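We number each residue from 1, following the sequence as shown. Just the heavy atoms: all of them, side chains too, but no hydrogens, waters or symmetry mates, feed the values below. Keep in mind that this is a model prediction, so the values were computed, not measured.
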Amino acid sequence: EVQLQASGGGLVQAGGSLRLSCAASGFTFDDYAIGWFRQAPGKEREGISCISSSDGGTYYADSVKGRFTISSDNAKNTVYLQMISLKPEDTAVYYCAADDTRTIRGWGPLDFHEYEYWGQGTQVTVSS
């Protein structure tokens, strides 16, 4: 059974930092890219970063570039999202998702349509 467990969210002041974790199980980690998405109330789901487990290639949305860093520990089947210089507009539920890279759908690495499996989400709240 494929499982993705996101954790690490919380309440932080603007300018602060958080590190999210996404623990994956039930599939061959190297065959998948892991993406982070977020969704704020009343807004569309936004793809913010992803990493290829096989070659470590990364992508970032412009909204987080330079502030967020994605990394992968393949031995632990875990992907991390280090977030610094957090802003109130970063407040959202953050989800991790897995995309089987052996199947190319053509949506793009930060498009949620590309991803087959989703975790339950972790809330990040940034106060001003």
Side-chain angles (χ1 to χ4, degrees):
E1 179 187 5
V2 173
Q3 288 190 335
L4 296 165
Q5 183 75 31
S7 61
L11 173 64
V12 64
Q13 290 187 331
S17 303
L18 282 173
R19 189 178 80 157
L20 305 183
S21 299
C22 176
S25 62
F27 58 89
T28 303
F29 199 64
D30 285 354
D31 290 335
Y32 284 74
I34 304 295
W36 283 100
F37 296 77
R38 66 186 181 187
Q39 189 163 20
K43 294 190 176 181
E44 292 186 352
R45 189 172 305 184
E46 177 189 15
I48 56 175
S49 186
C50 74
I51 186 167
S52 169
S53 301
S54 60
D55 63 14
T58 59
Y59 296 86
Y60 295 95
D62 288 343
S63 58
V64 305
K65 201 173 292 182
R67 299 188 299 122
F68 291 9
T69 303
I70 193 169
S71 62
S72 177
D73 185 338
N74 286 19
K76 296 182 178 180
N77 283 10
T78 300
V79 170
Y80 304 98
L81 186 69
Q82 179 68 50
M83 308 185 294
I84 66 171
S85 302
L86 284 162
K87 306 174 182 180
E89 51 264 43
D90 293 319
T91 295
V93 178
Y94 284 67
Y95 300 89
C96 61
D99 168 36
D100 186 345
T101 55
R102 297 167 297 179
T103 303
I104 299 174
R105 295 172 181 75
W107 291 99
L110 295 181
D111 191 304
F112 70 88
H113 295 94
E114 190 70 34
Y115 290 77
E116 297 99 318
Y117 303 107
W118 291 83
Q120 85 290 358
T122 184
Q123 176 71 46
V124 171
T125 303
V126 184
S127 63
S128 57

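Interatomic distance, S54 OG to R102 CZ, rounded to the nearest 0.5 Å: 11.0 Å. In this structure, CG in L81 is found 6.0 Å from CD1 in I70, a value given to the nearest 0.5 Å. Between atom CD of residue Q39 and atom CD of residue E46 there is a gap of 10.5 Å, rounded to the nearest 0.5 Å. Atom OG1 of T69 and atom CD1 of I84 lie 6.5 Å apart (nearest 0.5 Å). Annotation: the span from D62 atom CG to I48 atom CD1 amounts to 13.0 Å, rounded to 0.5 Å. Within the model, atoms CD of E114 and OG1 of T101 stand 9.5 Å from one another, a figure rounded to the nearest 0.5 Å.
The closest side-chain heavy-atom distance from R67 to D90 is below 4.5 Å. By the 4.5 Å heavy-atom criterion applied to side chains, C22 and I34 are counted as neighbours. For the pair R38 and V64, the minimum side-chain heavy-atom distance is below 4.5 Å. Side chains of V79 and C96 form no contact here, defined as non-hydrogen atoms less than 4.5 Å apart. Two residues are said to be in side-chain contact when any heavy atoms from C-beta on lie closer than 4.5 Å; L110 and C50 meet this criterion.
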Could you list the donor-acceptor pairs under 3.5 angstrom formed by side chains in residues 3-18, with sequence neighbours left out?
none

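With T91 contributing its side chain and V126 its backbone, the two residues share a donor-acceptor pair below 3.5 Å. Side-chain atoms of S53 come within 3.5 Å of backbone N or O of F29 as a donor-acceptor pair.
Follow the hydrophobic side-chain contacts under 4.5 Å out from L20 and you reach Y32 in the same cluster. Residues V93 and F112 are members of one and the same hydrophobic cluster, defined by side-chain heavy-atom contacts under 4.5 angstrom among Ile, Leu, Val, Met, Phe, Trp and Tyr. Under the 4.5 Å side-chain heavy-atom criterion for ILVMFWY residues, a single connected hydrophobic cluster contains both W36 and V2.
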- Message: Does R105 form a salt bridge (Lys or Arg N to Asp or Glu O under 4.0 Å) with E116? I'd like the steps, not just the answer.
- Response: CA-CA 11 Å; R105 295 172 181 75; E116 297 99 318; 2.7 Å; yes
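Applying the ring pair (Phe, Tyr, Trp, His ring centres under 6.0 Å) test to every pair with at least one member in residues 48-104, sequence neighbours left out, gives no pairs at all.
Here the closest heavy-atom approach between residue A97 and residue F37 is recorded as CB-CE1, 4.1 Å. Heavy-atom minimum distance, Y115 versus W118: O-NE1, 3.5 Å.
Atom OH of Y117 has 12 or fewer heavy atoms from other residues, nucleotides or ligands within 6.0 Å.
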